Novice: 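Take this structure first; my questions come after.
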Amino acid sequence: VREGPRDRTGEARPVNSAREDLLTRRRAAPPREPHPHPRAPRLTCTEEWRKDSLRPQTWLTPRRVKPQPVVMSEPKAPAPPPGDTYKGWLFKWTNYIKGYQRRWFVLSNGLLSYYRTQAEMGHTCRGTINLATANIVVEDSCNFVISNGGAQTYHLKASSEVERQRWITALELAKAKAVRMQAESDDSGDDCVSSSPLQSGQGSGTRNSEVQSTLRTLGSKVEDLSTCNDLIAKHGSALQRSLSELEGVRLGGDTGDKIRQVTERATLFRITSNAMINACRDFLALAQAHSKRWQKALQAEREQRVRLEETLEQLAKQHNHLERAFQTSSPSGSVSGKGDVSDEDDENEFFDAMEDVPEFITVPADPKYHRSVPVQPRPLPHSCLVRKRRTRIPDKPNYSLNLWSIMKNCIGKELSKIPMPVNFNEPLSMLQRLSEDLEYHELLDKAAKCQNPLEQLCYVAAFSVSSYSTTVHRTGKPFNPLLGETFELDRLHEFGYRSLCEQVSHHPPAAAHHVISKRGWTLRQEITLASKFRGKYLSIMPLGTIHCIFEKSNNHYTWKKVTTTVHNIIVGKLWIDQSGEIDVVNHRTGDRCHLKFAPYSYFSRDVARKVTGVVTDKDGKAHFVLSGTWDEKMEVSRVMQSSRGGGENGTEGKQKTVYQTLRARELWKKNPLPEGAETMYYFSLLALTLNEQEEGVAPTDSRRRPDQRLMEQGHWEEANAEKQRLEEKQRSMRREREREAARAASDNYKAQWFERTEDPTTGEVTHIYMGGYWEAKEQASWDMCPDIF
């Protein structure tokens, strides 16, 4: 006779036979708190099993035997069904009236669900508990409790001790898998976010993911082995203690309970050992399979390394051969000027076809062309600075303003007619921004020294691209110049040029620009801005032609500017893009350089801000290929041969021109921004000096504009008030001129330093510098200047 479960009065009731146990099963209520059997210790199954593969293939449970010394004969229990699902009948406590009721339980994917019958599985589930947060407690030989912290509690009873042990083991495995799956899902989310930007390509990403998956699998197997090792040590020590206790027990009433404890712990030890063996087998099979693959990959890498070393050795020999051939050969032509863009290296370089520029493809030229290419000395940098210019301006204040509240009523209007506060400006006028085109004036200095007009055209084309490099981060709007406003940039003693800009028209806004250099070139332009606000972006279309004339060769070049687009006007971070095409034309020789500014595309795999171009003579024969980006650098390659390629995919389509070129040479590279440029409106070194105070400038110079000066000093509220005053003063002066023009029946406004005339080269009506400014500056005679500030 052994002590059985307690009844509703709290007293223990004896259980003499299995028949009496069945008769009283419906009347017995489970205790409110688990009551362990006085002879059997409570077993808690809270160990964390770390992988779903820890499923023993053989489940061994003890047989119910009478208390006697022979206890080690243990029949094999039926193996659980394959997969992660375990099903069976259990008795579930319902209430004090009905007691335990027979229910069909299903364990799948970390969830324990029950139904009244097996037929209900397809449509009605009576309850489900998640084992990831559940606690499993064994009460006695057949009873156990599953609880998830109070919300759900299942008091269950198995038909036998063997059946209870099967369920306990299955629940342990399911709980371990659920905990592991939850932890991996949390970790995989962070891993995906952190690792996705690092994938550089589809091929490398696939290989990396495959290796990472294999490493994770092997790591999980190692964790399984570690978990099984801990469980084996635990159950082994418990079994050893039980065996030690069994040796000291005398034959009597306690013998049966001790034997039952030993058999239970022996069962747990056997189950854990089987799981350990299965995990070791899986780990060994997986390691052997991947070991063969990694050996093949390693061998392939070794062979590729040998091939690369052989190729490198051949290239080195070829390089030495070409170098000796070049040194022994006599140059057929004379050395040109310092600005020559001829190739200096004896190596070849291959250039792939550009996706966004399907018109041509460049390939390396035959080595025989390298012998006749002369080496050109590089020009020495001009470092004669006669005045120390400033390198900093006051930091930009951190003022916030709602752009949409100002722009929502301005859609479709001209940009020059929108009343903009200085919060969206930068402390420079449009005349000063126009003068920033001279940031890389040395390109024109080199072009003036070139004797070959085609090489000279390359430098002029690079100069036309370099003027956009200062705009990549400059999202601020320059001040609209007042009518009659001027700006001079006198760098005669430093770099040999003088620049003068004047606002010659207000509606439409137009600025005339004239630059004269003592190094043999002249630059002039008149730019009119056509701007439209489209709601999401701002388009700025410069209208007008730029002229560059070289005195020595009398080459006259012209080109126009591309469209500037400011994106994310309303929402997001502002960014600028340049797009369009430029034709740089030499009107004396008929040579032409066609440049293409590729617009930014999110789906393009090519480099951003890309510029490509081809230099051709008057007959259309290509001589140079230009490539690069408008915000970083430009390179030039001499064309040795060209041919027309076939249609795409063998069909009659648009043919590509294949150019065989020498190695590309750097033609222009952007200067680095000064330190702390992000707090100074991203100004370049030249832009930082444009608004610096200078003595002797005209009273209409942009440096004397009060609102612009206040903004630079950080007084934005005062700058806004001063800006409104100047604009109102300009409107009053314009109304007065309109009244005088009405009386005279013609517009009587004339620019001070520029004359409106027809350009003899292009036939356009433009403003050309008529002289007198620099003489007036030398004499300090500014009586003719209007009072605009």
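This is a predicted model, so every value here is computed, not measured.
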Novice: Decide whether Y773 and E502 meet the rule of one side-chain donor and one side-chain acceptor closer than 3.5 Å.
Specialist: no
Novice: In plain terms, say whether K633 and E635 are close enough for a salt bridge, that is, a side-chain N and a carboxylate O under 4.0 Å apart.
Specialist: yes
Novice: Going by atom types only, do T545 and Q525 share a side-chain donor-acceptor pair under 3.5 Å?
Specialist: no
Novice: Indicate yes or no: does D701 engage R703 in a salt bridge with an N to O separation below 4.0 Å.
Specialist: yes
Novice: Is the backbone N or O of F597 less than 3.5 Å from a side-chain atom of Q578, with the two atoms forming a donor-acceptor pair by type?
Specialist: no
Novice: Can T766 and E526 be counted as having a side-chain donor-acceptor contact under 3.5 angstrom?
Specialist: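 Checked: T766/E526 side chains pair up, N/O donor to acceptor below 3.5 Å.
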Novice: Counting only heavy atoms not in Y537, do more than 12 fall under 6.0 Å of its OH?
Specialist: no
Novice: Between F754 and A512, which heavy-atom pair has the shortest distance, and what is it?
Specialist: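 The answer is CD2-CB, 3.6 Å.
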Novice: H506 and side-chain hydrogen bond (donor to acceptor under 3.5 Å, both in side chains): which single residue from Q730, R731, R734 fits?
Specialist: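 Looking at Q730, R731, R734, the match for H506 under the side-chain hydrogen bond (donor to acceptor under 3.5 Å, both in side chains) is Q730.
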Novice: Taking atom CD of E728 as the centre, does the number of heavy atoms from other residues, nucleotides or ligands within less than 6.0 Å exceed 12?
Specialist: yes
Novice: Below 30° counts as parallel, above 60° as perpendicular, anything between as tilted: where do the rings of W630 and Y468 land?
Specialist: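 W630 vs Y468 ring planes: perpendicular.
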Novice: Would you call K621-D617 a salt bridge at under 4.0 Å N-O?
Specialist: no
Novice: So, K561 and D437, do they make that salt bridge, N to O below 4.0 Å?
Specialist: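 The answer is yes: the pair qualifies as a salt bridge.
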Novice: Looking at every non-hydrogen atom in both residues, tell me the closest pair between G544 and K560 and how far apart they are.
Specialist: O-CG, 3.4 Å
Novice: S642 and Q660: side-chain donor and acceptor closer than 3.5 Å?
Specialist: no
Novice: Among L428, D707, L726, which residue meets the side chain to side chain contact (heavy atoms under 4.5 Å, CB included) test with F479?
Specialist: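 Option passing the side chain to side chain contact (heavy atoms under 4.5 Å, CB included) with F479: D707.
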Novice: Can you spot which of N691, L688, T470, T689 makes a side chain to side chain contact (heavy atoms under 4.5 Å, CB included) with F683?
Specialist: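 Result for side chain to side chain contact (heavy atoms under 4.5 Å, CB included) with F683: L688.
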Novice: Any chance you could lay out the side-chain contact (heavy atoms from CB on, under 4.5 Å) test for L492 and K518, step after step, and finish with the verdict?
Specialist: CA-CA 8 Å; L492 185 64; K518 66 180 182 180; 4.1 Å; yes
Novice: If you apply the rule side chain to side chain donor-acceptor pair (under 3.5 Å), what do you find for Y600 with D577, and how did you get there?
Specialist: CA-CA 7 Å; Y600 174 80; D577 191 25; over 6 Å; no
Novice: Determine whether N555 and R588 satisfy the following criterion, side chain to side chain donor-acceptor pair (under 3.5 Å), listing intermediate values before the conclusion.
Specialist: CA-CA 6 Å; N555 289 329; R588 188 183 70 84; 2.6 Å; yes
Novice: Walk me through whether T486 and Q752 qualify under side chain to side chain donor-acceptor pair (under 3.5 Å).
Specialist: CA-CA 9 Å; T486 61; Q752 187 65 42; over 6 Å; no
Novice: Which pair of heavy atoms, one from L595 and one from S464, lies closest together, and at what distance?
Specialist: CD1-OG, 3.6 Å
Novice: Verify salt bridge (Lys or Arg N to Asp or Glu O under 4.0 Å) between R474 and E436, making sure each step is shown before the conclusion.
Specialist: CA-CA 12 Å; R474 302 273 289 280; E436 282 192 68; 2.7 Å; yes
Novice: How long is the gap from CD on E717 to CD on E722, to the nearest 0.5 Å?
Specialist: 14.5 Å
Novice: What's the separation between atom OH in Y497 and atom OG in S517, rounded to the nearest 0.5 Å?
Specialist: 9.0 Å
Novice: What distance do T762 atom OG1 and H587 atom NE2 have between them, rounded to the nearest 0.5 Å?
Specialist: 7.0 Å
Novice: So, for D631 and K670, which heavy atoms are closest and what is the spacing to 0.1 Å?
Specialist: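 In this case the closest contact between D631 and K670 is O-CD, 3.1 Å.
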Novice: Got a sec: does the NZ of K552 have more than 12 other heavy atoms crowding it under 6.0 Å?
Specialist: no
Novice: Kindly give the heavy-atom pair with the smallest separation between L443 and Y459, and that separation in Å.
Specialist: O-CB, 3.7 Å
Novice: May I ask you to establish whether K446 and F463 are in a cation-pi arrangement, using a distance under 6.0 Å from NZ or CZ to the six-membered ring centre and at most 45° from the ring axis?
Specialist: no
Novice: Any heavy-atom pair between the side chains of I546 and T558 that's under 4.5 Å?
Specialist: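 T558 vs I546: side chains apart.
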Novice: Charged N to carboxylate O under 4.0 angstrom, K396 versus E678?
Specialist: no
Novice: Ring centres of H514 and Y769 under 6.0 Å apart?
Specialist: yes
Novice: On a heavy-atom basis, which atom in L686 and which in E439 lie closest, and how many Å separate them?
Specialist: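 Smallest heavy-atom distance, with atoms named: CB-OE1, 3.0 Å.
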Novice: Checking salt bridge (Lys or Arg N to Asp or Glu O under 4.0 Å) for the pair R389/E494: CA distance, chi angles, key distance, verdict?
Specialist: CA-CA 11 Å; R389 304 284 179 178; E494 300 170 69; 2.6 Å; yes
Novice: To the nearest 0.5 Å, tell me how far R524 CZ sits from S499 OG.
Specialist: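 Here the interatomic distance stands at 14.5 Å.
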Novice: Between atom CD of Q432 and atom CG of L690, what is the distance when rounded to the nearest 0.5 Å?
Specialist: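 Atom-to-atom, Q432:CD and L690:CG are 5.5 Å apart.
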Novice: For R705, is there an ion pair with E485 - N to carboxylate O distance below 4.0 angstrom?
Specialist: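 Between R705 and E485 there is a salt bridge, with a charged N closer than 4.0 Å to a carboxylate O.
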Novice: Does the side chain of D445 come under 3.5 Å of the side chain of W521 through a donor N or O and an acceptor N or O?
Specialist: yes
Novice: From H594 NE2 over to T616 OG1, what is the distance, rounded to the nearest 0.5 angstrom?
Specialist: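 If I round to the nearest 0.5 Å, the distance is 10.0 Å.
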Novice: Would E455 and R638 satisfy salt bridge (Lys or Arg N to Asp or Glu O under 4.0 Å), going step by step from the backbone distance to the final call?
Specialist: CA-CA 9 Å; E455 295 174 354; R638 182 185 291 273; 2.9 Å; yes
Novice: Check step by step if salt bridge (Lys or Arg N to Asp or Glu O under 4.0 Å) holds for R709 and E692.
Specialist: CA-CA 10 Å; R709 180 66 57 186; E692 186 177 6; over 6 Å; no
